[in-house]
Amino acid sequence: MKRWKILVLLLALVLCACGQREPEPLPEEVPAPEETPLWSGLRWEEHLPLEYAQSFSVDFSPEGYARIAIHQETYLLVPESCPLPGEIPEDVTVLRQPLQNIYMQATAAMDSFCQLDALDAVTLSGTRTEGWYIPQAREAMEEGRLVYAGKYSAPDYELILSRNCGLALESTMIYHNPEVKEQLERFGVPVLVERSSYESHPLGRMEWIKLYGVLMGKQAEAEAFFNEQLDRLTPVLEQENTGKTVAFFYITSNGAVSVRKGGDYIAKAIDLAGGVYVFQDLAGEENALSTMNMQMEAFYQGAKDADILIYNSAIDADLTAIEQLVAKSAPLADFKAVQSGDVWCTGKSMFQEALGVGDMILDMHAVLTEENPAEESMSYLHRLT
């Protein structure tokens, strides 16, 4: 009987001891690793709003990726904080943010980078110092922040690779040397071909700043700039056309006259400014510049009675006097605009400063609507005296 009581007492002590033991902590929950998204699983639910540009588009996924389409090329922009999606098709070029040490071959894009305060991302140039008419680009080269890395057809691959180039931003000239594009891509340098020159509407060219805003993570700044330019132009765009005729041209080295075709953005800019381009019905084989050479006889017939002549010195030498123009081709002395003194000349920077198209339209509007427009307030035109 005593043995039974002792056993009961021992069992009670054991149970008490067990009851007083500290409970073991539960293991912490380990979050499941985030699954890498697949290209085929990305949903493009938002789109970059565009009003005039037709040569590119941008779609966004909820995860933060951006799909960019330019002509027949597709690009995937991957934010720094996002993993690289799986099963990306071979024909899709991956651009990883932040984009740095950009090789700038497309001069028309430089103006957007300067406007977006993103010039520091461009450290390699396809244009020498003397070839830049954009002050910020020239200054960056003079200070060594931007260095020459060879032209589009002969890039300095060693320099480009040593700088860990994150993007080669090329013009369509690269298609004349496809082996260069292939070599850059073989070295792991993504190539984006800029096609703003194919926009027939002048404001479409300016709207490419939205693409660069997406690339550089400055979409809001890009859209704000574009909308500001539209606000400046609205009063001009809403006015009735003056009916005044305008010829835009330059004399080539062999004496021919280079003019814009009717579908070119310059012809459209003249229309938006309130004028009528004299060769608006001129058509021909389409190309990026939409230009055409004609003999002086044909130009004489089409532009002799034009109200205003605008000489394109962005291609040819800058002119200051009507005598210099007539010296290039004597028949110009018979032109109505030459005799009335309504001859104007563009500045050298007009085509590199792609975002200046709004100012160019405002300059043209002043020439068309004011008897003596104030040249000091103009950005791209000056009168030949």
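Small disclaimer: the values here were computed from a predicted structure and weren't measured. Counting begins at 1 with the first residue of the sequence.
With rounding to the nearest 0.5 angstrom, the CD1 atom of Ile70 is 4.5 Å from the CH2 atom of Trp208. To the nearest 0.5 Å, atoms CZ (Phe226) and CG (Asp231) are separated by 10.5 Å. The distance from atom CG of Asn101 to atom CG of Leu161, rounded to the nearest 0.5 Å, is 11.5 Å. Note that the OH atom of Tyr103 and the CG atom of Leu184 stand 7.0 Å from one another [nearest 0.5 Å]. One finds the OG atom of Ser197 at 5.5 Å from the CZ atom of Arg205 (value rounded to the nearest 0.5 Å). Between the CD atom in Glu207 and the OG atom in Ser196 there is a gap of 12.0 Å [rounded to 0.5 Å].
The pair Arg145-Glu143 meets the salt-bridge criterion, with a side-chain N (NZ, NE, NH1 or NH2) lying under 4.0 Å from an Asp/Glu carboxylate O. A salt bridge does not link Glu228 to Arg232: none of the charged nitrogens lies less than 4.0 Å from a carboxylate oxygen. A salt bridge is absent between Lys336 and Asp305: the closest approach of a Lys/Arg side-chain nitrogen to an acidic carboxylate oxygen does not fall below 4.0 angstrom.
The residue from Leu169, Ile102, Leu99 that alone fulfils the side-chain contact (heavy atoms from CB on, under 4.5 Å) condition with Leu215 is Leu99. Under the side-chain contact (heavy atoms from CB on, under 4.5 Å) test applied with Phe248, the options Thr346, Asp264, Val259, Ile308 reduce to a single match, Thr346.
No side-chain donor from either of Tyr175 and Glu170 sits under 3.5 Å from a side-chain acceptor of the other. For the residue pair Glu179 and Gln183, no side-chain donor N or O sits within less than 3.5 Å of a side-chain acceptor on the partner. Donor-acceptor pairing under 3.5 Å is lacking for the side chains of Ser162 and Glu158. Using modelled atom types and a 3.5 Å distance limit, the side chains of Gln352 and Thr107 yield no donor-acceptor pair.
Taking all atoms of both residues into account, the shortest heavy-atom contact from Gly126 to Gln105 is CA-NE2, 3.4 Å. Nearest approach of Ala108 to Ala354, heavy atoms of both residues: O-CB, 3.5 Å. Contact between Val78 and Pro85 at its shortest, heavy atoms only, is CG2-CD, 4.4 Å. Shortest non-hydrogen contact noted between Met360 and Tyr380 is N-CD1, 3.9 Å. Nearest heavy-atom pair across Val343 and Ala337 is CG2-O, 3.6 Å. Nearest approach of Ala273 to Leu368, heavy atoms of both residues: O-CD1, 3.6 Å.
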**OP:** Applying side chain to side chain contact (heavy atoms under 4.5 Å, CB included), run through Leu119 and Cys114 and close with a yes or a no.
**Re:** CA-CA 5 Å; Leu119 181 57; Cys114 293; 4.3 Å; yes
**OP:** Mind running side chain to side chain contact (heavy atoms under 4.5 Å, CB included) on Ile88 and Leu84 for me, showing each step along the way?
**Re:** CA-CA 9 Å; Ile88 299 175; Leu84 186 68; 3.8 Å; yes
Original post:
Are Thr245 and Asp307 close enough, and set up right, to give a side-chain hydrogen bond (donor to acceptor under 3.5 Å, both in side chains), and what steps lead you there?
Top reply: CA-CA 5 Å; Thr245 52; Asp307 295 304; 3.2 Å; yes
**OP:** Test side chain to side chain contact (heavy atoms under 4.5 Å, CB included) on Ile270 and Met364 and set out the steps.
**Re:** CA-CA 7 Å; Ile270 291 171; Met364 290 179 174; 3.8 Å; yes
Original post:
Going through the checks in order, is the side chain to side chain contact (heavy atoms under 4.5 Å, CB included) test met by Asp342 and Leu309?
Top reply: CA-CA 7 Å; Asp342 284 323; Leu309 296 183; over 6 Å; no
Original post:
Could you go step by step and tell me if Glu194 and Ser171 meet the side-chain hydrogen bond (donor to acceptor under 3.5 Å, both in side chains) rule?
Top reply: CA-CA 5 Å; Glu194 206 263 8; Ser171 71; over 6 Å; no
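Follow the hydrophobic side-chain contacts under 4.5 Å out from Met173 and you never reach Tyr157; the two are in separate clusters. When the side chains of ILVMFWY residues are joined at heavy-atom separations under 4.5 Å, either directly or via intervening members, Ile251 and Leu282 end up in a single hydrophobic cluster. Under the 4.5 Å side-chain heavy-atom criterion for Ile, Leu, Val, Met, Phe, Trp and Tyr, Val246 and Leu384 are members of the same hydrophobic cluster. Connection of Leu192 to Leu116 is established within a shared hydrophobic cluster, with ILVMFWY side chains joined at heavy-atom distances below 4.5 Å, either directly or through further cluster members.
Between the side chain of Asn177 and the backbone N or O of Val180, no donor-acceptor pair lies under 3.5 Å. Judged by distance alone, the side chain of Glu375 and the main-chain N or O of Arg383 form a donor-acceptor pair under 3.5 Å. At least one donor-acceptor pair under 3.5 Å links the side chain of Thr242 to the backbone N or O of Gly274. Judged purely by atom type and a 3.5 angstrom limit, Arg96 has no side-chain atom pairing as donor or acceptor with the backbone of Leu77. Put simply, the side chain of Lys210 gets close to the backbone of Pro49: a donor and an acceptor are under 3.5 Å apart. Formation of a donor-acceptor pair under 3.5 Å by the Glu199 side chain with backbone atoms of Gln54 is found in this model. In this structure, Gln301 contributes its side chain and Glu297 its backbone to no donor-acceptor pair below 3.5 Å. For the pair Lys218 (side chain) and Asp117 (backbone), a donor-acceptor distance under 3.5 Å is present. Looking at Asn241, its side chain does come within 3.5 Å of a backbone N or O of Gly275 through a donor-acceptor pair.
You'll find the side chain of Arg260 reaches within 4.5 Å of the side chain of Tyr277, heavy atoms only. At a threshold of 4.5 Å between non-hydrogen side-chain atoms, the residues Gln295 and Val257 do not count as touching. Side-chain contact between Tyr65 and Trp44 is present, with at least one heavy-atom pair separated by less than 4.5 Å. Side-chain contact check for His47 versus Phe60: every heavy-atom pair is 4.5 Å or farther apart. Using a 4.5 Å cut-off on side-chain heavy atoms (C-beta onward), Val92 and Glu73 make no contact. Counting only heavy atoms from C-beta outward, the side chains of Thr123 and Val147 never approach each other to under 4.5 Å. Counting heavy atoms from C-beta outward, Phe56 and Leu50 have side chains that approach closer than 4.5 Å. Looking at Val367 and Lys244, their side chains never come closer than 4.5 Å, going by heavy atoms from C-beta outward.
For Lys181, the NZ atom is densely surrounded, since the number of other residues' heavy atoms within 6.0 Å is greater than 12. Shown here is Glu46, whose CD atom has no more than 12 heavy atoms of other residues, nucleotides or ligands within 6.0 Å. For Glu87, the CD atom sits in a loose shell: 12 or fewer heavy atoms of surrounding residues, nucleotides or ligands are nearer than 6.0 Å.
Taking the side chain to side chain donor-acceptor pair (under 3.5 Å) definition, one finds that His71 meets it with nothing, sequence neighbours left out.
Both the sub-6.0 Å distance and the 45° axial angle are satisfied by Arg128 relative to the ring of Tyr148.
Ring-plane geometry between Phe299 and Phe335 is classed as parallel, the angle between the planes falling under 30 degrees on a 0 to 90 degree scale with a further cut at 60.
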